[in-house]
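Here's the structure we're looking at; comments come further down.
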Amino acid sequence: MTAISPAVMDIVSRPPIVFVQGKGAWLTDSQGHTYLDFIQGWAVNTLGHSPRPILDALASQAERLINCSPAFYNDRMIRLSEVLAHHSGLHQVFLANSGAEANEGAIKLARKWGAKHRGGTFEIVTMDHGFHGRTLATMSASGKPQWEALFEPKVSGFVKVPLNDIEAVAAAMTDRTAAVMLEAIQGEAGVFGATDGYLRDLRALTRDRGVLLILDEIQTGIGRTGRMFGFQHAGVTPDIMTLAKGLGGGVPLAALVAQQDACCFDYGDQGGTFCGNPLMAAVGCAVLEQVSEPGFLDRVVRAGRVLTDRLLTLSAKHGCGEVRGRGLLLALDLGRPVAAKVAASALERGLLVNAPRPDSLRFMPALNVTGAEIDRMAEILDSALATGI
Ligand SMILES: *Cc1c(COP(=O)(O)O)cnc(C)c1O
């Protein structure tokens, strides 16, 4: 596509649309066209576009205090850390600004822990097709085949295994292993979940070998799967968890969350100018307040069932494949490599859906999406499938 502005770095093929406004499930472009949004900033806008609780949190916190340096406590940093510790059953929280930054922190923490408590272990076992971010270390931790030859040399110390293969993890562990790191559901890879049984086996194996279990819940955390965190479906608790995307409800906010025994940073090991700033932390508090309201997660589960039903109906009608995922992180397998074409056709019809792989579409609406919005999405997708396949 031709760039709309030569000043914007051309890092991805963007459609020739300029968005100017959003409300709930809907976006408006500079021409006044409206779009139903089932991408929501990449599973980021937990409560939809510009929801009242976030507007109120931003306005009132901006009046009170925006930034006072991460070297001081502020009340919103304390509050958000305590709420996250409470909900997760973990103990300490480091607030950051992006998922990659939180994962860098997790990798550093595991290496520090290995150096301090495990005689200098540093290797981390990660998963094929995993996605952990775009910094050098998190790209190295990721298992994206397209990245293998990029930006060499990689950060070393990552060993890859196939997802849901516990024997492969056991075989990959050596006397250098400090941790195992994975996503609860591989979102960027196309919505492939770690099974509950596999997560339980991993928890037992990592305990048995005395290494850390790190769960990247950046896409699955904060209600996306119908529970506050993805690991709760399996009834296990990781040693370290990372959050971002849905935590900020649209603003840059991330968290590195760890259990007491894993917390071993010395002063100076970790930090960041914007980390824990009260403006973003206030938004995180507002998002968590909404998601932990009684009934909120039940509604996510119900909406996920409705969306699954609609996708299965479309799949049967158009001869597609399975519906994967949990809660409101779902993918439809189209059965053939036409996902980009179908997504482009949907966009022309006023619907934003993502094609994470050539044969699959991904759906990550706001967690408060309505039945009527899901039905409207299914109507538009139906006509896009009719022409796109
Ligand atoms: C999006 C994502 C990241 C990276 O987060 P950024 O905020 O883009 O740095 C890492 N891990 C997972 C599972 C993600 O979905």
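Worth saying up front: this structure is predicted, and the values here are computed from it rather than measured. Both ligands and their constituent atoms are indexed starting at 1 by order of listing.
Side chain of K23 to main chain of S50: a donor-acceptor pair is present (N/O by atom type, distance under 3.5 Å, no hydrogens or angles). No donor-acceptor pair closer than 3.5 Å links the side chain of N45 to the backbone N or O of H49.
Both V155 and L150 sit in one connected hydrophobic cluster of ILVMFWY residues. Membership requires side-chain heavy atoms under 4.5 Å apart, directly or through other members.
Residue-level proximity to ligand 1 for H132 is carried by the backbone, the only part with a heavy atom below 4.0 angstrom. The part of N103 lying near ligand 1 is the side chain, judged by heavy-atom distances below 4.0 Å. At a heavy-atom cutoff of 4.0 Å, ligand 1 is contacted by no atom of W42, backbone or side chain.
Using a 4.5 Å heavy-atom cutoff, the side chains of M77 and V93 are not in contact.
Below 3.5 Å of separation, one finds an N or O of Q219 facing an N or O of ligand 1.
Between the CG atom of L351 and the CZ atom of F38 there is a distance of 7.0 Å, given to the nearest 0.5 Å.
The nearest protein atom to atom 6 (P) of ligand 1, hydrogens excluded, is given as G99 N, 3.4 Å; this is a heavy-atom distance. With hydrogens left out, the protein atom closest to atom 14 (C) of ligand 1 is K245 NZ, 2.9 Å, a heavy atom. Closest protein heavy atom to atom 3 (C) of ligand 1: F131 CE2, 3.5 Å.
Every atom of ligand 1 with a heavy atom of E183 under 4.0 Å away is listed here by number and element: 13 (C). Under a 4.0 Å criterion applied to the non-hydrogen atoms of S98, ligand 1 contributes the atoms 7 (O), 9 (O). Remark: ligand 1 atoms within the under-4.0 Å shell around heavy atoms of D216 are 10 (C), 11 (N), 12 (C), 13 (C). Near A100, meaning under 4.0 Å from one of its heavy atoms, ligand 1 places the atoms 4 (C), 5 (O), 6 (P), 9 (O).
Between D382 and K317 a salt bridge is recorded (basic side-chain N to carboxylate O distance below 4.0 Å).
Within a 6.0 Å sphere centred on CZ of R79, other residues, nucleotides and ligands contribute 12 heavy atoms or fewer.
Tested against E188, the residues R134, R362, K144 include a single salt bridge (charged side-chain N to carboxylate O under 4.0 Å, His left out) partner, R362.
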